[in-house]
Every structure is written in C-alpha cells, then in structure tokens.
Amino acid sequence: MSTKVAIVTGSNKGIGLAIVRALCKEFQGDVYLTARDVGRGQEAVKSLASDGLKAMFQQLDINDINSITAAAAYFKEKYGGVDVLVNNAGIAFKEADTTPFAVQAEVTLKTNFFATRDMLTHFMPLIKAGGRVVNVSSFVGSRTLNKCSAALQQRFRSEDITEEELVGLMQQFVDAAKKGELQKGGWPETAYGTSKTGLTTLSMILARRSSERETERTGDAILLNACCPGWVRTDMAGPKAPKSPEEGAITPVYLALLPPGATDPHGKFVSDKEVQPW
Ligand code: NDP
C-alpha cells in the first residue's frame, strides 16, 4: 500500500504548527508542514525534530496560484493524491490597525476566502477515497452570519447556494466595503468575520458536492468539515486567549483523523468536537 500523506497549510507557527505536531504523533504516514516562507518553514521543521518528531516540508503560499499548483503536482506525483488536508492558513488585522477598512476587506477576503478556495479547487480532485478535509474557520464566522441581513443569512444557510453564488457574495462584500455601502448591502463591518462566514459556507457546499460524487464511486467517503479551534494564544489572537495552540489543535486533528468508515460529521461546522448550529 502506498504511503499516506497529510498536509497542513500555514503551519510554521501557531495552531497550524500544533496540528502538525499532533499529526506527527498520531497519523500513520508522512506529515507535511507547509509555509509560504521557506526559512520560517524549515526552522519549524527543525524545532519539531529537536522534539524527536519528523515532519516533511513543502513551500506553499496559498495567495500564489503557482505555489498551489506546484504543490498539488508534487503530491500527485509523489503520493498519487492526498489523504488529509488541513486548510489552516489565515490572517487577521489587529483591532488597532489603521489600514483603511476597504483595504482590510480586500486583503482579508483574499487569503481567508479566495485563496483557501483556490487550495480546495486544486486539491479536492486529489483527495483520496476515505480522505479528510478540514477548513479552519472560526466562531466569529457564525457570529457574523447572525449579524448579516435576513436575506444574506437565508442564502448562507440555504442548501442550494452554489459555489459561484457564494463567490459573488464575497466579492459583493469587498465591493461594498470599497464604496462604503456595507450597511446598504446588509453586511456587518467585519472583514475577518465575513471571510470565515464565507469559508464555513464554502465547506458546506463542497461537502454536498463531494457526497454527490461519492454515490458514483466506490470506496470510503471523503469527510469535509469546517471548524473553530477556540480562542487560542497565537500571534493572531494574542497572549490573553485561554487555549494553548495544542488545545486549539484538538478539534482540527479530531476531524483530520476521523476513523475509516466514519460517515459523520460531514459538511458541518464543528467546535470542541461538537457539531454547532449554523
Ligand atoms: P497565526 O497568525 O499564529 O498563524 C497563521 C499562519 O498562517 C502562519 O503560519 C502564517 O504564515 C500562515 N499564513 C498566512 N498567510 C498565508 C499564506 N498566504 N500562505 C500560507 N500561509 C499563510 O494564527 P493562528 O495560528 O491563530 O491561526 C490559524 C488559523 O486559525 C487561522 O485560519 C485563524 O483564522 C484560525 N483561528 C484562530 C483563532 C485564534 O484564537 N487564534 C480563533 C479562530 C480561528 P507566516 O508566518 O508566513 O505569516
């Protein structure tokens, strides 16, 4: 049998690094720490090695389509596909940041939604039967959903929203932010929250699509979920957060290692290992 492979994006530090650390201990196969910056990535691999853990490294900047396609080609060639993908890479402007909101909206949506979608577009065809896909979203995305207009909430929660419609809505948010028309469009003023509302909705759409495809092929189903790691002490969230990165990794790792033959959760938003209302 070929060697299994697990990949974690944005894993040179924070929750991503803690996910890699846990997978090195628990996943039966090769674990890839990936980072946009080769130096920072290799440093992190070294820090794991000093704890006796062996992670492999692949450069992966999710904002760079050439980096995504090169990585996809590498995993296809070397492993014939991917068993576990954790989309963890993400950004957040600090509250005190004075960058104009329109810029924050564009930059945040670019990484957290559009680039993560690019990852999924190129990697979903590589996910093997029985594979697990985990999108690290946030409880802030759920809170933001509840602050959207009733019409937007209805679309984000609907079973028939398509990927194209969702992409259009995320673009509308960025455009509305640029025109100063968020309120008119029914959007709350949070770029990070909206990007995660989009990512959770995208996870639900792709899970439905993968289930449809599954009926046509044999083998174990792919399970794809979005999750919240909790509020975690990292460079993003700061030192006051209650959870350690290791604690933040628990739910993403649980979803990444759902046992063979499991049928749920799938297409859900999960926090503290529990499916949450959407
Ligand atoms: P950190 O800021 O500590 O780490 C973010 C990681 O993402 C870094 O490795 C960073 O790399 C990487 N990254 C950013 N942009 C890119 C890119 N374009 N390509 C590849 N990697 C990239 O944040 P956390 O560990 O706290 O966050 C991890 C995930 O968890 C995020 O998606 C975040 O939104 C989510 N989350 C975090 C919470 C928390 O309380 N911390 C709460 C809820 C969700 P680099 O070092 O090069 O910048």
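Order of listing sets the numbers, starting from 1, for every ligand and every atom in it. All figures in this text were calculated on a predicted structure; none of them were measured in a lab.
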Residue shell for ligand 1, any heavy atom closer than 4.0 Å, reads G10, N12, K13, G14, I15, R36, R40, L60, D61, I62, N63, N88, A89, G90, I91, V136, S137, S138, Y192, K196, P229, G230, W231, V232, T234, D235, M236, A237

Assess whether atom CD of Q171 is packed by more than 12 heavy atoms of other residues, nucleotides or ligands within 6.0 Å. yes

### Message
Is it the case that the side chains of D97 and T99 hold a donor-acceptor pair, with the cut-off being a distance below 3.5 Å and no angle test?
### Response
yes

* To do: May I ask you to check whether Q59 and T34 show a side-chain donor-acceptor distance below 3.5 Å?
  => no

Distance col, row R209:CZ vs E163:CD, nearest 0.5 angstrom, shows 4.5 Å

request  = Would you check if there is a donor-acceptor pair between the side chains of T3 and D30 at a distance under 3.5 Å?
outcome  = no

- Query: Heavy-atom count around E164 CD within 6.0 Å, excluding the residue itself: above 12?
  - Reply: yes

